[in-house]
Amino acid sequence: MEYNLMVNQEKKCINAVISDQHIQVQTENALHDAGFVNISDHQVLLTVDGKIFNAFVSHHGNTKTVAIQGRSYEIRDADLIEETSSGKKSVLNAATIVASPMPAVVTGILVKTGDRVEKGRGLVIVSAMKMETTLFAPFDGTISGINAKPGDKVMPTQILVDIEKD
Amino acid sequence: MEYNLMVNQEKKCINAVISDQHIQVQTENALHDAGFVNISDHQVLLTVDGKIFNAFVSHHGNTKTVAIQGRSYEIRDADLIEETSSGKKSVLNAATIVASPMPAVVTGILVKTGDRVEKGRGLVIVSAMKMETTLFAPFDGTISGINAKPGDKVMPTQILVDIEKD
Amino acid sequence: MFKKILIANRGEIALRVIHTCREMGIKTVAVYSDADKKAAHVISSDEAVYLGPSEPSLSYLNMDAVIAAAKKTRADAIHPGYGFLSENHEFARRCRDEDLVFIGPAPGVIKNLGDKITSRNIMIGGGVPVIPGLSRSEPDMAVLKEAAKKIGYPILVKATAGGGGKGIRIVHGPEEMEQAVTEASSEAFNAFGNREVYIEKFFTRARHIEFQILADQYGHTIHLYERECSIQRRHQKIIEETPSLALTPELREEMGNAAVKAAKSAHYENAGTVEFLLDEENRFYFLEINTRLQVEHPVTEITTGVDLVRLQIEIAAGRELSLRQSDIRPRGHAIECRIYAEDPEKDFFPSPGTIRFMKEPDGPGIRIDSGIYQGFEVPVDYDPILSKLIVHAGTRDEAVGKMIKALQDYIILGVKTPVELMTDILNSEPFRTGQVFTDFITTHFSDWKPDRDLADMAMIAFLAHSRGNIEKRGRTSSEPGKTVSPWDTLGNWKL
Amino acid sequence: MFKKILIANRGEIALRVIHTCREMGIKTVAVYSDADKKAAHVISSDEAVYLGPSEPSLSYLNMDAVIAAAKKTRADAIHPGYGFLSENHEFARRCRDEDLVFIGPAPGVIKNLGDKITSRNIMIGGGVPVIPGLSRSEPDMAVLKEAAKKIGYPILVKATAGGGGKGIRIVHGPEEMEQAVTEASSEAFNAFGNREVYIEKFFTRARHIEFQILADQYGHTIHLYERECSIQRRHQKIIEETPSLALTPELREEMGNAAVKAAKSAHYENAGTVEFLLDEENRFYFLEINTRLQVEHPVTEITTGVDLVRLQIEIAAGRELSLRQSDIRPRGHAIECRIYAEDPEKDFFPSPGTIRFMKEPDGPGIRIDSGIYQGFEVPVDYDPILSKLIVHAGTRDEAVGKMIKALQDYIILGVKTPVELMTDILNSEPFRTGQVFTDFITTHFSDWKPDRDLADMAMIAFLAHSRGNIEKRGRTSSEPGKTVSPWDTLGNWKL
């Protein structure tokens with residue numbers, strides 16, 4: 001069976017046959033034969049040619065974080081993502097929106113609706129864990145909406161300022 | 001509301017009023033007013049008069065183990081127990097049955113069906129974690145059934161030998 | 001001895017203090033804000049008092065609320081931890097006025113050492129080497145430039161108040177001086193309400209070496225040797241160790257003596273840290289005294305066998321320090337890694353969130369000072385430190401081996417951490433050979449990306465985990481024997 | 001140095017060896033039985049080989065299977081841990097024949113020290129004090145009684161082979177001698193296939209004190225001071241500490257020298273333990289040498305700063321011991337509590353089961369050597385040891401305070417453990433004052449019951465937990481906002 005997985009933003013197409021305690025995977029350049037045991041909800045023990053790979057897994061939404069030997073990978077089912085995200089307001093193109101790079105608290109709004117702004121103009125100041133970051137205008141335009149106020153807790157998916165592009 | 005709880009084999013009748021983050025409990029000799037926060041599935045934080053009691057909880061069946069300040073308590077809802085256990089083969093009276101005191105492996109059967117046994121006669125040897133224990137006849141009688149064989153893993157609820165009482 | 005101590009802090013350092021208090025049979029009072037209702041330090045204390053909203057100025061920095069909490073719970077003393085009110089002389093004074101013992105030096109000492117020019121002059125008076133510079137605020141630009149010329153460029157323009165990298169400019173030549181002074185002065189005024197700046201020599205390649213000191217009320221002052229803290233990001237330490245590879249036994253003794261001299265000159269009492277810069281020619285200069293417990297104090301504890309918090313408490317309670325300098329004999333090598341909620345791939349941006357899964361390393365020679373637990377929501381409102389991982393072994397090589405293993409075994413899912421970066425730092429040639437300077441991260445790891453060579457295994461684990469969880473749901477479903485097919489739930493698999 | 005080591009063991013000791021191997025960059029091979037497919041030692045190794053069914057004789061004691069596993073994975077050496085094949089001279093010899101390094105002493109040494117009469121005679125030859133007794137098997141009852149009379153009653157009749165408390169009888173007068181010899185001899189034959197017994201003096205009130213030793217292939221032998229192991233249940237140690245309160249510096253030196261002499265007399269190599277009995281008059285007698293790593297080795301490691309497993313591996317690889325006796329300078333006080341799956345309220349009956357919830361203490365001076373994790377099913381087939389909790393502090397009082405706190409913070413739900421009993425032991429007057437003898441538990445804690453004075457809080461927690469979980473189910477239900485009423489699911493509450 002074919003799986004399309006997104007591994008840290010990179011699309012990987014693999015073929016896998018999965019049974020109760022066994023997975024055979026054909027990737028682009030290797031064939032793996034792995035035994036597996038689910039140790040807990042968050043831990044999978046893989047055995048490949050007698051070698052042990054101990055994987056820790058957590059999931060939030062469709063993405064799973066898999067940590068192996070101290071390295072972590074963000075993995076999601078690419079097909080699943082495309083479908084579920086198609087209905088939502090997409091925030092994929094981070095270069096063209098005004099959003100906090102991390103969960104943060106808004107500490108200042110530097111513009112108001114109707115203001116003309118040039119690319120690079122500071123719009124919003126957010127603070128997280130004692131670190132302040134200024135969010136800049138991604139292009140020239142006019143502020144058509146401000147969706148946050150000082151004190152608000154905001155997430156990276158939230159668009160804080162709407163700009164009508166010139 | 002009245003609750004009948006079994007706390008380590010001792011029946012306790014208490015009155016409690018429970019809201020979202022608050023419990024008022026009237027026990028036999030005290031009135032407690034406690035705030036609570038569920039920290040996780042296994043942890044409850046109680047605050048009584050500003051004092052913190054950190055409780056760890058696990059449950060198996062109807063019984064919960066509650067550990068507070070390094071002490072642990074086995075608690076169940078007495079009403080619930082009586083109802084659910086009424087339909088099952090009861091093994092409450094441990095003095096009159098032949099069962100292993102702990103999960104164990106049977107290492108020897110010392111009698112066979114039809115044998116006459118006297119109280120105190122060794123019937124079965126079980127072993128757990130390198131410790132061997134002999135199970136004795138609780139009364140005089142005739143062996144009417146043997147429900148285990150060497151190598152079997154047995155639980156404390158399992159009756160290993162049936163004896164027809166004289 | 002105190003019966004009850006209020007800990008005016010949160011996170012791992014609050015827990016660190018709670019540990020020792022409990023061992024000493026002293027009751028603890030935690031304080032908390034809205035964001036910290038379920039925080040680990042609250043859970044682990046004997047009593048807890050709510051201070052106010054998450055915003056630090058309304059809770060952990062709110063002196064009235066903290067002192068009221070201590071009064072209400074009848075605490076004898078307040079341990080301030082680090083950060084927040086720990087180096088606030090006004091708070092220390094208010095504690096004293098309210099008949100609460102502030103576990104730290106006297107208010108006047110905190111005040112003097114908090115002002116860079118004052119402390120610099122105290123050190124000069126005590127014969128402790130300071131960085132070549134001007135020990136006064138100088139408004140005349142001509143005088144300033146003249147002094148700078150004598151000292152030699154590059155020059156650091158530095159605000160006399162505050163810290164945290166604010167009000168600081170590097171000047172490479174006289175032509176940059178005027179603008180730098182104006183900017184630094186204005187930034188300092190905005191941040192600390194004080195325009196004063198001064199100048200000193202700037203060292204492009206230096207080590208940050210500090211000495212732990214202990215001083216009681218009876219004039220006994222000792223040092224507990226050094227900590228090498230040169231590995232920093234955004235002017236904040238992330239990896240510390242002791243002993244420092246840069247010090248010869250002679251230099252160590254000389255610096256230790258200077259640290260004791262510095263503490264004595266400032267009439268220091270309780271535990272503190274004397275920070276030095278060590279230049280490439282192994283000359284050392286006084287930087288500042290931190291008048292509190294340091295984040296990295298565990299490496300000192302683990303090598304000297306001393307419980308610094310216990311001694312802080314004993315000293316504050318008026319006990320005489322029974323340890324003498326000759327009793328302090330560090331053993332082996334210790335390293336600490338600070339585990340922050342931040343993303344080293346994205347310029348160390350903070351990464352608050354929920355700890356979805358956590359597994360700590362264990363075994364010999366490993367210590368963890370942690371402020372989190374699985375399920376805890378790391379708030380955006382405070383410092384991003386989650387925990388500290390400390391290892392101790394016979395030699396530096398053994399300690400590095402132990403730390404790498406421990407980092408690999410330290411699983412924190414749900415927030416980003418620099419654990420992978422730290423593994424690579426410890427494995428790197430410059431770290432292995434002790435070539436650590438304050439520019440270490442920018443020089444060697446500015447474009448760091450983790451090595452993702454186990455992606456195939458990760459994908460297999462992804463599939464196995466999905467399969468396993470389906471199995472499990474299948475088993476607990478109402479119809480025994482019937483298992484949900486993975487294909488029903490595992491996305492849009494194509495046949 | 002070895003590239004790969006197979007660890008012929010399970011549980012916490014297998015993990016202990018894995019820790020050091022990983023720090024040294026040595027690959028590890030775990031072995032496992034059916035019961036241990038998901039065991040912690042398997043999860044933590046680089047490779048794992050299945051040995052056979054859960055029954056020890058078919059897996060962990062199966063020499064063919066273990067050696068085949070080492071061959072298959074191309075391991076250079078085998079670390080036997082403790083128990084299982086660790087003191088089996090035949091296994092050590094087979095390893096050597098198969099060109100595998102057995103990490104332990106030579107087969108002949110293991111054999112000699114495993115036989116009680118042989119080892120006794122070696123010690124007499126080496127001038128090490130032994131328990132007054134007969135250093136031979138004596139079939140003539142008259143000679144035996146004559147000897148017993150000289151030694152003085154009570155007398156211990158003891159099988160020359162084996163151990164584990166089998167083939168042992170206490171004799172209080174000549175009239176009991178004949179039956180005791182017959183019984184012990186028969187029991188020994190059934191257990192070890194060897195009828196031989198001998199007699200020695202029995203001490204009703206004694207301490208069990210042992211010395212850690214290290215010896216390399218080049219004749220350097222040192223000791224790493226003592227461990228006090230008198231607190232036992234069913235002849236098995238449960239709490240150990242170092243230093244022992246019973247030893248004066250002179251006696252410590254004398255016993256340490258005797259331990260080194262004992263090891264040298266036996267041509268001992270690698271790490272081992274010389275066990276002594278210390279009677280009420282502070283006379284000490286050789287008991288036996290354990291030719292392996294001891295369960296309680298961590299208290300020695302934590303006070304001396306030495307990694308015993310690393311040294312075991314280095315010695316086995318032919319390295320010279322660089323430590324000299326004067327390098328060993330123990331610091332502070334260490335205590336270990338063994339956490340068994342057993343019920344101290346029911347005569348220490350084993351308590352296998354699933355670890356439903358687990359939370360380990362952390363913070364300064366705490367070490368945990370653990371073989372379990374949350375969700376692990378503790379098998380009925382093996383020794384009930386789950387983990388070991390070790391603390392280290394400046395003084396004994398501080399260590400006791402730390403251990404009590406750590407025990408209170410060590411939550412293991414799902415199986416019974418002696419954690420509560422241990423808290424009470426550490427709090428008890430006889431323990432505090434160091435009055436520890438091998439009869440400690442029977443004398444002071446035979447009818448022990450936990451103090452259940454927080455039953456009210458426990459009931460409140462029970463109700464709160466039920467309520468909380470219902471809330472949670474409510475929140476994740478398909479209809480947002482609608483919460484299942486607690487009364488629907490929380491049993492038959494009466495209004």
Side-chain angles (χ1 to χ4, degrees), chain B residues 1-5 7-8 10 12 14 16 18-20 23 25 27 30 32 34 36-38 41-46 48 53 55-60 62 64-73 75-83 101-105 127-131 133 151 153, chain D residues 54-56 164 234 340-343 346 348-354 356-357 359 378-384 404 407-414 416 419-420 423 450-469 471-472 486-487 490-495:
Chain B
M1 198 172 308
E2 196 182 301
Y3 298 83
N4 288 308
L5 301 182
V7 181
N8 291 84
E10 202 183 324
K12 304 250 187 187
I14 60 172
I18 313 179
S19 68
D20 262 12
I23 295 188
V25 168
T27 66
H32 302 285
F36 73 90
V37 183
N38 281 272
D41 290 354
H42 293 285
Q43 194 173 358
V44 182
L45 182 68
L46 302 180
V48 184
F53 295 90
F56 297 91
V57 186
S58 81
H59 48 108
H60 34 287
N62 294 318
K64 288 186 184 182
T65 306
V66 179
I68 297 187
Q69 291 182 4
R71 306 284 176 197
S72 67
Y73 303 82
I75 309 185
R76 10 175 228 203
D77 174 1
D79 298 321
L80 200 62
I81 289 306
E82 282 162 24
E83 188 181 67
M102 66 251 173
V105 176
S127 164
M129 298 178 146
K130 293 167 68 184
M131 179 178 175
T133 307
K153 295 202 173 178
Chain D
S54 305
E55 166 68 31
R234 286 200 269 114
Y340 287 113
E342 63 184 21
D343 188 350
K346 285 189 189 153
F348 300 98
F349 259 17
S351 171
T354 302
R356 292 178 191 281
F357 178 75
K359 191 176 177 297
V378 182
V380 300
D381 310 278
Y382 312 111
D383 192 271
I404 290 170
L407 286 167
Q408 286 172 345
D409 283 352
Y410 204 165
I411 315 294
I412 300 175
L413 304 180
K416 304 271 184 194
V419 164
E420 294 178 59
T423 312
D451 180 6
R452 296 213 164 89
D453 53 352
L454 289 173
D456 284 7
M457 292 307 127
M459 287 190 288
I460 293 172
F462 175 90
L463 297 176
H465 182 258
S466 306
R467 167 76 175 211
N469 279 8
E471 287 260 303
K472 213 171 154 190
W487 325 131
L490 196 69
N492 291 354
W493 310 131
K494 286 171 203 139
L495 278 162

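A note on names: the letters A, B, ... follow the listed sequences, proteins ahead of strands, and every chain is numbered from 1. Every value quoted in this text rests on a predicted model; they were computed, and no experiment measured them.
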Which heavy atom of D:V380 sits nearest to which heavy atom of B:A104, and what is that distance?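 Taking every non-hydrogen atom into account, CG1-N, 4.2 Å.
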Closest approach of B:H59 and D:R356, non-hydrogen atoms and distance?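 The pair with the smallest heavy-atom distance is O-CD, 4.0 Å.
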Relative to chain B, which segment of [X] carries a heavy atom at a distance below 4.5 Å: side chain, backbone, both, or neither?
X	answer
D:Y340	neither
D:D343	neither
D:D451	both
D:P56	neither
D:I411	side chain

Most heavy-atom pairs under 4.5 angstrom with chain D, which of [options]?
options	value
B:T65, B:V66, B:V105	B:V66
B:M102, B:Q69, B:M131	B:M131
B:V48, B:I75, B:T27, B:V7	B:I75
B:S127, B:P103, B:G151	B:P103

Should B:K153 and D:D381 be marked as a salt bridge (charged side-chain N to carboxylate O under 4.0 Å, His left out) after you check the CA-CA gap, both sets of side-chain angles, and the distance that decides it? CA-CA 10 Å; B:K153 295 202 173 178; D:D381 310 278; 3.5 Å; yes
Report the option among D:K346, D:E55, D:K416, D:R234 that has the most heavy-atom pairs separated by less than 4.5 Å from atoms of chain B.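 Looking at each of D:K346, D:E55, D:K416, D:R234 in turn, D:R234 comes out on top.
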Carefully, step by step, assess D:E420 and B:R71 under the rule side-chain contact (heavy atoms from CB on, under 4.5 Å). CA-CA 6 Å; D:E420 294 178 59; B:R71 306 284 176 197; 3.6 Å; yes
Using the rule given for side-chain contact (heavy atoms from CB on, under 4.5 Å), can you reason through B:H32 versus D:D456, listing the C-alpha separation, both sets of side-chain angles and the distance that settles it, and then say yes or no? CA-CA 8 Å; B:H32 302 285; D:D456 284 7; 2.8 Å; yes
For a side-chain contact (heavy atoms from CB on, under 4.5 Å) check, start with the C-alpha distance between D:I460 and B:F53, then their side-chain angles and the critical distance, and finish with the verdict. CA-CA 10 Å; D:I460 293 172; B:F53 295 90; over 6 Å; no
